[in-house]
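Chain letters run A, B, ... following the sequence lines, proteins first and then strands; every chain starts at 1.
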There are 2 protein chains.
Amino acid sequence: MDEMGACCSASRELLGQLMDKWSVMVLYALRDGPLRFNAIKGALNGVTQKSLTQCLRRLERHGIVERRVIPASPVAVEYEVTPLGRSLGQLFLSMYTWTRDNMADIESAKAAYDARHPLAEAA
Amino acid sequence: MDEMGACCSASRELLGQLMDKWSVMVLYALRDGPLRFNAIKGALNGVTQKSLTQCLRRLERHGIVERRVIPASPVAVEYEVTPLGRSLGQLFLSMYTWTRDNMADIESAKAAYDARHPLAEAA
DNA sequence: CAGAATCCATATAGATACTG
DNA sequence: CAGTATCTATATGGATTCTG
């Protein structure tokens with residue numbers, strides 16, 4: 001694979017990190033302003049502390065969200081989307097749009113494929 | 001999470017299927033026309049038969065590539081990108097562009113984060 | 001409150017061997 | 001040639017418990 005192939009691969013790897021199971025929804029949950037840890041956890045359905053913590057750490061490390069500790073007792077921690085994070089949100093929006101526009105075609109392709117291949121119809 | 005959140009989630013799930021480790025590069029390898037199985041395998045570096053087969057099956061099932069068996073001895077199998085696949089390729093291109101344009105910011109954010117957090121600098 | 005640490009179930013990738 | 005089948009190593013996610 002040549003240069004462009006390698007770049008595609010790097011891009012995929014980076015977005016793979018940023019598009020894990022919860023990141024998209026975290027970014028969406030924070031669209032109107034900062035939230036505290038448990039507020040985010042409440043906004044997402046079914047996320048565990050561990051997964052959410054990992055997700056937020058990764059987003060923080062990549063500069064997508066900012067973590068702010070508010071000294072209090074007990075401590076409060078706020079997360080806010082950065083400008084870079086908003087830019088990523090725009091990209092997510094174009095992905096969402098593509099999915100919405102092509103979902104029907106993809107579903108019918110899957111149905112046709114499953115009809116041709118009677119066995120093994122995993123998701 | 002409300003409607004939009006659910007749609008984001010569905011979008012992420014779909015693209016997660018279509019953006020696995022090799023799909024992007026398969027699509028890129030087929031950009032100039034159909035190729036046979038082993039030709040694709042040769043174009044990608046380090047892919048195993050199993051992984052490539054799984055990848056191609058998934059792309060075929062979603063209507064991204066078309067599989068064509070050419071009766072011969074031994075049989076030949078060609079894979080070609082569909083129009084839907086080309087549309088997905090455009091989306092991949094916009095992802096690649098975003099990555100390229102923001103890679104520097106992300107890398108410096110990572111470096112700053114790792115400087116603040118001396119331990120545990122996993123990728 | 002906001003995590004850290006631990007344990008466990010499952011999913012996935014890779015290597016290898018075999019086949020129509 | 002173009003796969004399938006099998007086994008194993010590893011990564012990942014969830015549940016649970018504990019703490020400053």
- Sub-3.5 Å donor-acceptor pair from the side chain of T99(B) to the main-chain atoms of M95(B), do we have one? yes
- Which residues share a side chain to side chain donor-acceptor pair (under 3.5 Å) with R100(A), sequence neighbours left out: none
- Donor-acceptor contact present, side-chain S23(B) to main-chain M19(B), <3.5 Å: no
- Compute the angle between the rotation axes at the two ends of the helix from dC1(C)-dG20(D) to dG20(C)-dC1(D), each taken over five pairs, rounded to 10 degrees. 50°
- Which residues satisfy the side-chain contact (heavy atoms from CB on, under 4.5 Å) test with S51(B), sequence neighbours excluded? W22(B), V47(B), T48(B)
- Item | Range on DNA chain C touched by chain A - first to last nucleotide, heavy-atom distance under 4.0 Å | dC1(C) to dC7(C)
- Task: Please list all pairs passing the salt bridge (charged side-chain N to carboxylate O under 4.0 Å, His left out) test where one or both residues lie in residues 73-87 of chain A, with sequence neighbours left out.
- Result: R68(A)-E78(A), R68(A)-E80(A)
- Contact state string [nucleotides 2-8 of chain D, B base, S sugar-phosphate only, - no protein heavy atom under 4.0 Å]: SSS-BB-
- Message: If the condition is side chain to side chain donor-acceptor pair (under 3.5 Å), which residues does R58(A) pass it with, not counting sequence neighbours?
- Response: D20(A)
- dT10(D) P sits how many Å from K21(B) NZ, rounded? 15 Å
- Message: Nearest whole Å is fine: how far is dA11(D) C1' from Q17(A) CD?
- Response: 13 Å
- Please identify each residue that fulfils side-chain contact (heavy atoms from CB on, under 4.5 Å) with S87(A), with sequence neighbours left out. W98(B), N102(B)
- Sorted by chain and residue number, the side-chain contact (heavy atoms from CB on, under 4.5 Å) partners of A76(B) (sequence neighbours excluded) come out as R36(B), I70(B)
- Who are the side chain to side chain donor-acceptor pair (under 3.5 Å) partners of T82(B), not counting sequence neighbours? none
- Item | Contacts of Q54(A) that satisfy side-chain contact (heavy atoms from CB on, under 4.5 Å) - sequence neighbours left out | K50(A)
- Whole angstrom is fine here: how far is it from CD1 in I40(B) over to P in dC1(D)? 14 Å
